[in-house]
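Down below is the structure, laid out as structure tokens.
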Number of protein chains: 2
Amino acid sequence: MIDFKTDSFQPGLSVDCVIFGFHNNELKVLLLKMKNLDFWALPGGFVGKDHGVDEEANRVLESRTGLTDIFLRQFYLFGNVGRTSTEHLDSLEAQGLISSDNVSWFRKRFITVGYYALVEYSKVKQPTVDDISERCDWCSINELPEMMHDHLDILKKAHETLKKELNYQPIGINLLPQEFTMPELQALYETILEKPLDRRNFRRKMLGYEILINTDKRRTGVAHKSPNLYKFDVKKYQKAIQGGLSQSW
Amino acid sequence: MIDFKTDSFQPGLSVDCVIFGFHNNELKVLLLKMKNLDFWALPGGFVGKDHGVDEEANRVLESRTGLTDIFLRQFYLFGNVGRTSTEHLDSLEAQGLISSDNVSWFRKRFITVGYYALVEYSKVKQPTVDDISERCDWCSINELPEMMHDHLDILKKAHETLKKELNYQPIGINLLPQEFTMPELQALYETILEKPLDRRNFRRKMLGYEILINTDKRRTGVAHKSPNLYKFDVKKYQKAIQGGLSQSW
DNA sequence: TTTTCAATGTGTCTTAATGACACTAAGATA
DNA sequence: TATCTTAGTGTCATTAAGACACATTGAAAA
């Protein structure tokens with residue numbers, strides 16, 4: 001149960017984080033299952049009156065993953081009037097997940113700022129539940145459960161934005177382990193873009209960015225030719241993010 | 001003077017519009033000069049409790065330009081704690097531009113949603129002032145006056161966003177008159193991108209998009225060869241905006 | 001031990017897009 | 001009529017992208 005008696009939050013404003021991870025060749029999102037209810041929500045929070053919105057997004061991310069200094073980007077403000085579901089609020093209230101003191105606070109019209117983060121799946125500590133959620137799990141974006149309010153729209157828009165960002169900047173340093181193979185990197189791109197890519201052309205293009213370092217090690221224990229392990233050249237990677245990769249003009 | 005006694009607005013939330021126009025080969029922005037004060041502000045508004053944020057942005061745009069159905073896009077939420085200037089608020093108050101009843105409302109921590117619009121300069125009715133502004137003028141983005149709060153940051157970010165958008169979608173249908181010449185279109189691109197482009201390559205690329213219709217008319221009265229007039233093929237233009245122009249993946 | 005299998009690594013050709021670049025044409029003005 | 005300024009146009013070279021096939025490796029199966 002969250003208590004707002006202190007009135008120390010910006011009213012009608014929340015932050016929701018779409019936390020992407022990559023595992024088993026699937027793009028996953030970290031979601032919370034509401035206690036005793038059949039819908040899930042994006043991890044979110046409310047913005048303290050003396051805290052920046054970015055700050056709150058980072059706090060949410062850290063509280064759910066234990067990670068700091070992570071790629072996290074604001075992508076949209078969702079400000080339609082009907083974006084919250086009164087049915088869902090009814091359910092939360094019925095389950096006692098909103099204190100009676102706070103009911104009016106939660107019933108107000110809310111806008112929410114969407115952020116998306118890219119995190120390394122294996123680095124996320126098995127996320128702990130809180131007062132209002134009974135599970136915090138990775139869900140494949142291909143099999144999403146029913147979601148609270150407009151959280152599905154938020155998630156979809158985050159994914160769209162991510163797809164677009166791939167045209168401007170490299171990706172992977174936050175989503176993959178330190179060392180990875182070219183096919184793994186390709187699988188990540190294919191998963192995000194939801195389409196297959198040519199192996200040879202992908203390799204050529206990716207190597208052309210000059211952000212990869214060949215570690216001269218190989219991944220062993222696979223029932224086929226052992227692939228080469230690469231890591232990112234962090235400096236060049238950052239520079240590529242700054243400067244943007246390919247611009248049309 | 002704006003009165004908030006009704007308390008019918010989302011507290012601590014505003015909308016600011018960066019309204020771009022193109023005139024004399026300069027990119028211009030519509031700004032308001034605060035009455036008797038030496039700083040200017042983006043046209044903005046507050047979000048009614050039962051109105052969507054997009055809706056309010058459209059209302060602001062229409063109230064300042066008289067135009068509806070205009071390209072208008074949300075691009076960022078500005079949510080830092082210190083983004084409003086107490087000095088500026090002091091000045092507004094000293095000038096009596098904020099009613100004493102509303103002082104506390106305005107002094108609250110505010111976040112603002114940035115929108116940018118592309119409008120045809122000549123179609124904008126000479127904008128009327130309101131209670132708190134004494135002028136509403138087009139300012140060249142190269143010679144901007146001192147601006148209120150973080151409005152310069154907002155403007156800069158809008159311009160950046162616009163530059164990026166040029167990679168994805170055509171531009172001009174909202175900024176240029178119905179009929180225009182290729183050099184005029186090029187000047188628009190050069191102005192937005194802040195760099196010169198090769199005439200021949202620009203023409204080739206632009207015609208390659210297949211969104212232009214040659215009207216077989218010419219612009220007369222110029223002291224040199226009269227250039228051809230083009231117009232946009234609205235259907236194809238819209239389709240190009242939907243589908244995006246060039247994607248790297 | 002050998003064979004099989006499944007995935008990896010690699011190079012070339014073709015086509016498309018981009019960048020660089022110079023001359024002729026038109027129309028008003030001097 | 002000459003001049004001046006800008007518009008219109010085409011080619012070559014370079015780069016990026018798309019399509020495509022075969023040899024290699026290493027575990028697992030035979």
Side-chain angles (χ1 to χ4, degrees), chain A residues 24-25 163 166-170 172 176-177 179-191 193 195-231 240 243-249, chain B residues 24-25 163 166-170 172 176-177 179-191 193 195-231 240 243-249:
Chain A
N24 283 140
N25 281 358
K163 273 190 197 181
L166 283 197
N167 292 318
Y168 285 118
Q169 55 184 250
L176 293 173
E179 299 186 340
F180 50 88
T181 69
M182 190 64 77
E184 283 163 1
L185 183 58
Q186 182 178 341
L188 171 60
Y189 271 74
E190 291 181 329
T191 304
L193 294 167
K195 69 178 177 189
L197 301 170
D198 181 273
R199 278 191 307 133
R200 290 152 290 190
N201 296 339
F202 177 82
R203 166 184 298 265
R204 178 178 55 192
K205 186 160 178 168
M206 197 54 62
L207 291 174
Y209 291 157
E210 296 190 321
I211 54 173
L212 292 178
I213 296 171
N214 189 334
T215 65
D216 290 318
K217 289 187 269 183
R218 324 187 134 265
R219 160 112 52 239
T220 55
V222 285
H224 53 75
K225 180 170 180 176
S226 60
N228 218 318
L229 285 168
Y230 293 87
K231 61 181 178 183
L245 283 176
S246 58
Q247 257 133 18
S248 178
W249 291 103
Chain B
N24 282 139
N25 280 0
K163 273 190 195 181
L166 284 197
N167 293 318
Y168 284 119
Q169 53 185 250
L176 294 172
E179 299 186 341
F180 51 88
T181 68
M182 191 63 78
E184 284 163 0
L185 183 58
Q186 182 179 341
L188 171 60
Y189 271 75
E190 290 181 329
T191 304
L193 294 167
K195 69 178 178 190
L197 302 170
D198 182 273
R199 277 193 307 134
R200 291 154 286 192
N201 296 340
F202 177 81
R203 166 185 296 266
R204 177 178 54 192
K205 187 161 177 166
M206 197 55 63
L207 291 175
Y209 292 157
E210 296 190 321
I211 53 173
L212 292 177
I213 297 172
N214 190 334
T215 65
D216 290 318
K217 288 186 270 184
R218 324 186 137 267
R219 160 111 54 238
T220 55
V222 286
H224 52 74
K225 180 169 181 176
S226 60
N228 219 319
L229 286 168
Y230 292 87
K231 61 181 179 184
L245 283 177
S246 59
Q247 257 133 17
S248 176
W249 290 103

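Below, chain A is the first sequence line, B the second, and so on; all start at residue 1.
- Within 6.0 Å of NZ on K231(B) lie no more than 12 heavy atoms contributed by other residues, nucleotides or ligands.
- Rounded to a whole Å, the CZ atom of R199(A) is 15 Å from the P atom of dA19(D).
- For the pair D198(A) and E184(B), both in contact range of DNA chain D, the more 5′-proximal nearest nucleotide belongs to E184(B).
- The CE atom of M182(B) sits 11.0 Å away from the CG atom of L229(B) when rounded to the nearest 0.5 Å.
- Nucleotides of DNA chain C that come within less than 4.0 Å of any heavy atom of chain A span, from the 5' end to the 3' end, dA6(C) to dT12(C).
- The cationic atom of K205(B) (NZ for Lys, CZ for Arg) lies less than 6.0 Å from the six-membered ring centre of W249(A) and within 45° of the ring axis.
- Rounded to a whole Å, the NZ atom of K225(A) is 18 Å from the C1' atom of dA28(D).
- Contact annotation: side chain of R200(A) to base of dA21(D), donor-acceptor pair present below 3.5 Å.
- Atom P of nucleotide dA17(D) and atom CG of L245(A) are separated by 11 Å, given to the nearest angstrom.
- Atom CG in N167(A) sits about 14 Å away from atom C1' in dA17(D), given to the nearest Å.
- Counting heavy atoms from C-beta outward, N25(A) and E190(A) have side chains that stay 4.5 Å or more apart.
- Comparing W249(B) and T181(B) against DNA chain D, the residue whose closest nucleotide sits nearer the 5' end is T181(B).
- A 4.5 Å side-chain heavy-atom check between T181(B) and N228(B) finds every atom pair outside the cut-off.
- Rounded to whole angstrom, the span from the NZ atom of K217(B) across to the C1' atom of dA7(D) amounts to 19 Å.
- Residues N167(A) and S248(B) share a closest heavy-atom pair of OD1-N, 3.0 Å.
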Report task. Kindly indicate, with the supporting measurements, whether the criterion side-chain contact (heavy atoms from CB on, under 4.5 Å) is fulfilled by R204(A) and N201(A). Result -> CA-CA 5 Å; R204(A) 178 178 55 192; N201(A) 296 339; 3.1 Å; yes
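- Along DNA chain C, the nucleotide nearest A223(A) and the nucleotide nearest R203(A) are compared for position; the residue whose nucleotide lies closer to the 5' end is A223(A).
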Report task. Would you check, one step at a time, whether the test side-chain contact (heavy atoms from CB on, under 4.5 Å) holds for Y168(A) with L245(A)? Result -> CA-CA 5 Å; Y168(A) 285 118; L245(A) 283 176; 5.9 Å; no
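- For a distance-only test at 3.5 Å, the side chain of N201(A) qualifies as a donor-acceptor partner of the base of dA19(D).
- The distance between atom CZ of F202(A) and atom C1' of dC20(D), rounded to the nearest whole Å, is 19 Å.
- Within residues 204-211 of chain B, the residues that have a heavy atom under 4.0 Å from DNA chain D are, in order of number, R204(B).
- Separating the CG atom of L197(B) from the C1' atom of dA7(D) is a distance of 17 Å, rounded to the nearest angstrom.
- Put simply, the side chain of L185(B) does not reach to within 4.5 Å of the side chain of Y230(B), judged on heavy atoms.
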